[in-house]
Visitor: 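I'd like to ask some things about the structure below.
For this chain, numbers begin at 1 and follow the sequence in order.
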Amino acid sequence: MSMATSTAGMMPHDPARDFAPSGSGTEYVLTSCEFTRVLTKLQRATHLIASTLDLDALLDRVVNDIAGTIGNVEVGVWLRAEDADEMVLHGVRGCTIHRKGSRLLIGAEGMVGHTAASGTMRYAPDVLRDPYYVGCEPTTRSEVTIPLKAGGQVIGVLCVDHDQVDAFPEEQLAVLEAIAGHVAIAVENARRFRNEREERERLERESKEARAIQQALFLKPTPLIPGFAFETAWHPAGAVAGDWFDFIDLGGERYGIALADVSGKGLPAALLMSATRALLRSIARQNASPGATLEQLNKTLLEDFPSGKFVTMMYGVLDAKERTVTFASAGHPRPLLVNGHRAFVDVETGLPLGLGPSAYPEKTVEMKPGTQVLMYTDGITEAMNATDEEYGPARLVQHFGDPEACVNGLIREVQAFGAGSKLTDDATAVLIRSR
């Protein structure tokens, strides 16, 4: 690229040139030393531009760096509107007429609109003779508009004005065109970063709202049943949980107690959990036994559940008058019975809900005073430490060898077992105490 600059007077030519910059003009001289200085500054500006991911800060830096480097110019960055066939001014320096938010119709208004439509650079050595020029400052004499392209599409236009006729030598136009390429990439990166940030913020808001709804469902007082007390612990591994528990008043001093774990994680699991909980509450009051309740619930879920999704559930019916709990299991870990001895309730399990037709055998446990029954999810027994060792059923049994054992203490022990590592699965437990 030659650094020579023409100093000849105005020669007959088109009032504006697409892809045809010229160094001819009025007494404008750019020495090789000055050009090297300008080039160095613009290159440095390019690196600074590329380091910015905030779109507004990026465009302010673009216009200020270019204006400060070249001098005596007005600079604007126009981006294609998302809601109309228009260009919107997002960054501006040195123009008192057009402000941020100003719009130009693509293909119809200004050199900016023309460049956005044609996708080609346009240089007006004398703006007074250019049919597309729309005035910014009364002193403007020359203007160049350069398309900003990403993925082969025009996403914006870089516009630079000068107060001298034919003020931009070929070398400087080439540099500005190169700068425009970097600006286009930076704009796309900043937009992608902004969109991803907005998406993250949206998901975080939704997760917080979902968690608040789940907390409203679970973190409420347990039922007051003479002769019995309950402890619960609900610790989601993420913002929302697929684990859940519920107490259902069945009438006649009978109460349904459910503990379940929905396959998957996050919002999909939380949605399936809500649907399953609502169905259980409707079905439980229609059936006298937990086995029949699970069988009917399973039939309903087989019709509605997405393929591959399922729920494990331990469902018990507490008869406060008879002081018994009758359990039925849908692929869920067996409850732990503590009544002087510690052993897992020998309840035969049916298929997890939503996988296929199944029967659900029942097992009844007497709840004499002092008896405790623990229902829990596998997020407790399958919690791992740093060496990938599971907490396991044996430690669960050992924990409840202490007469003062409680579910919150169990959760603390599981977390300590993992040496402070974050639980990778929800951990939920319900303890039934007979007094």
Side-chain angles (χ1 to χ4, degrees), residues 207 210-211 213-215 217-219 230-248 256-281 283-284 290-291 293-295 297-298 300-302 304-316 327-336 344-345 347-356 358 360 363 373-384 390-393 395-396 407-408 410-411 414-415 418 422-432:
S207 293
R211 186 181 181 91
I213 292 171
Q214 287 193 323
Q215 287 177 331
L217 292 174
F218 300 137
L219 304 184
F230 303 92
E231 293 180 9
T232 61
W234 179 68
H235 289 260
V240 291
D243 279 11
W244 56 281
F245 63 86
D246 201 6
F247 297 92
I248 307 169
I257 305 172
L259 184 68
D261 183 357
V262 179
S263 64
K265 297 183 183 299
L267 288 175
L271 288 172
L272 293 177
M273 177 273 284
S274 297
T276 306
R277 178 180 182 273
L279 285 171
L280 174 64
R281 283 187 152 253
I283 292 171
T293 299
L294 290 186
E295 191 168 350
L297 179 59
N298 183 49
T300 305
L301 292 181
L302 282 172
D304 298 336
F305 249 39
S307 177
K309 295 297 183 182
F310 60 90
V311 180
T312 69
M313 182 183 296
M314 183 61 62
Y315 180 60
F327 289 103
S329 173
H332 201 82
R334 295 177 298 164
L336 176 64
F344 292 99
V345 177
V347 54
E348 185 180 346
T349 184
L351 285 177
L353 304 172
L355 283 186
S358 178
Y360 297 96
K363 181 71 173 181
V373 176
L374 177 74
M375 303 164 66
Y376 57 93
T377 58
D378 59 12
I380 291 176
T381 52
E382 295 180 3
M384 291 186 176
E390 289 188 351
Y391 180 78
R395 288 185 175 88
L396 183 65
V407 292
N408 285 325
L410 172 64
I411 297 298
V414 170
Q415 291 172 333
K422 185 177 180 181
L423 293 174
T424 58
D425 197 5
D426 305 329
T428 305
V430 173
L431 182 65
I432 307 169

Visitor: Taking all atoms of both residues into account, what is the closest heavy-atom pair of Asn298 and Pro352, and its distance?
Guide: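 It is OD1-O, 4.0 Å.
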Visitor: So, Ser263 side chain and Phe310 main chain: donor-acceptor pair closer than 3.5 Å or not?
Guide: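 Yes, Ser263 side chain to Phe310 backbone: donor-acceptor pair under 3.5 Å.
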Visitor: Taking the six-membered ring for Trp, are Phe230 and Phe247 closer than 6.0 Å centroid to centroid?
Guide: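 Yes; Phe247 has its ring centre under 6.0 Å from that of Phe230.
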Visitor: Let me confirm one number: the CZ-CZ distance from Arg277 to Phe245, rounded to the nearest 0.5 Å.
Guide: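 Answer rounded to 0.5 Å: 9.5 Å.
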Visitor: Short question: side chain of Thr428, backbone of Thr377 - any donor-acceptor pair under 3.5 Å?
Guide: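 The answer is no, because no donor-acceptor pair under 3.5 Å joins these two groups.
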Visitor: Using a 6.0 Å cut-off, check whether atom CD of Glu348 has over 12 heavy atoms from anything other than its own residue.
Guide: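 Count not over threshold, so no.
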Visitor: I need the Phe327 CZ to Leu259 CG distance, nearest 0.5 Å.
Guide: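 That separation rounds to 10.0 Å.
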Visitor: Roughly how far apart are Ile283 CD1 and Ile248 CD1, rounded to 0.5 Å?
Guide: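 It is 10.0 Å, given to the nearest 0.5 Å.
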Visitor: If I compare all heavy atoms of Ala427 with all of Ile411, which pair ends up nearest, and what's the gap?
Guide: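 Result for this residue pair: CB-CD1, 4.0 Å.
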Visitor: Could you give the distance from CH2 (Trp244) to CE (Met273), rounded to the nearest 0.5 Å?
Guide: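 Separation between the atoms: 8.0 Å.
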Visitor: Please evaluate residues Arg334 and Thr349 with respect to the criterion side chain to side chain contact (heavy atoms under 4.5 Å, CB included), reporting the C-alpha separation (whole Å), side-chain torsions for both, the decisive distance (0.1 Å), and the verdict.
Guide: CA-CA 9 Å; Arg334 295 177 298 164; Thr349 184; over 6 Å; no
Visitor: Please give me the minimum heavy-atom distance between Leu431 and Val407, naming the atom from each residue.
Guide: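 Closest pair (atom of Leu431, atom of Val407, distance): CB-CG1, 3.6 Å.
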Visitor: Distance check, rounded to the nearest 0.5 Å: Ser329 atom OG versus Met313 atom CE?
Guide: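 Rounded to the nearest 0.5 Å, the OG-CE separation comes out at 10.5 Å.
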Visitor: Using side-chain hydrogen bond (donor to acceptor under 3.5 Å, both in side chains) as the criterion, list what pairs up with Thr293, not counting sequence neighbours.
Guide: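 Thr293 satisfies side-chain hydrogen bond (donor to acceptor under 3.5 Å, both in side chains) with no other residue.
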Visitor: What heavy-atom pair brings Leu374 and Ala429 nearest, and what distance separates the two atoms?
Guide: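 The pair with the smallest heavy-atom distance is CD1-CB, 4.1 Å.
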Visitor: Under a 4.5 Å cut-off applied to non-hydrogen side-chain atoms, are Asn408 and Glu231 in contact?
Guide: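 Answer no - side chains too far apart.
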Visitor: Run the numbers on Leu353 and Phe305 for side chain to side chain contact (heavy atoms under 4.5 Å, CB included), then give the verdict.
Guide: CA-CA 9 Å; Leu353 304 172; Phe305 249 39; over 6 Å; no
Visitor: Taking all atoms of both residues into account, what is the closest heavy-atom pair of Val347 and Pro335, and its distance?
Guide: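 That would be CG1-CD, 4.1 Å.
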Visitor: Passes side chain to side chain contact (heavy atoms under 4.5 Å, CB included), Val262 versus Leu271? Steps please.
Guide: CA-CA 10 Å; Val262 179; Leu271 288 172; over 6 Å; no
Visitor: Identify the heavy atoms of Arg395 and Glu390 that sit nearest to each other, and give their distance.
Guide: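 It is NH1-O, 3.1 Å.
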Visitor: Between the main-chain N or O of Val311 and the side-chain N or O of His332, is there a donor-acceptor pair closer than 3.5 Å?
Guide: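 Checked: no pair found.
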Visitor: Quick one: does Asp426's side chain have a donor or acceptor within less than 3.5 Å of a partner on Trp234's backbone?
Guide: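 Between the backbone of Trp234 and the side chain of Asp426 there is no qualifying donor-acceptor contact (under 3.5 Å).
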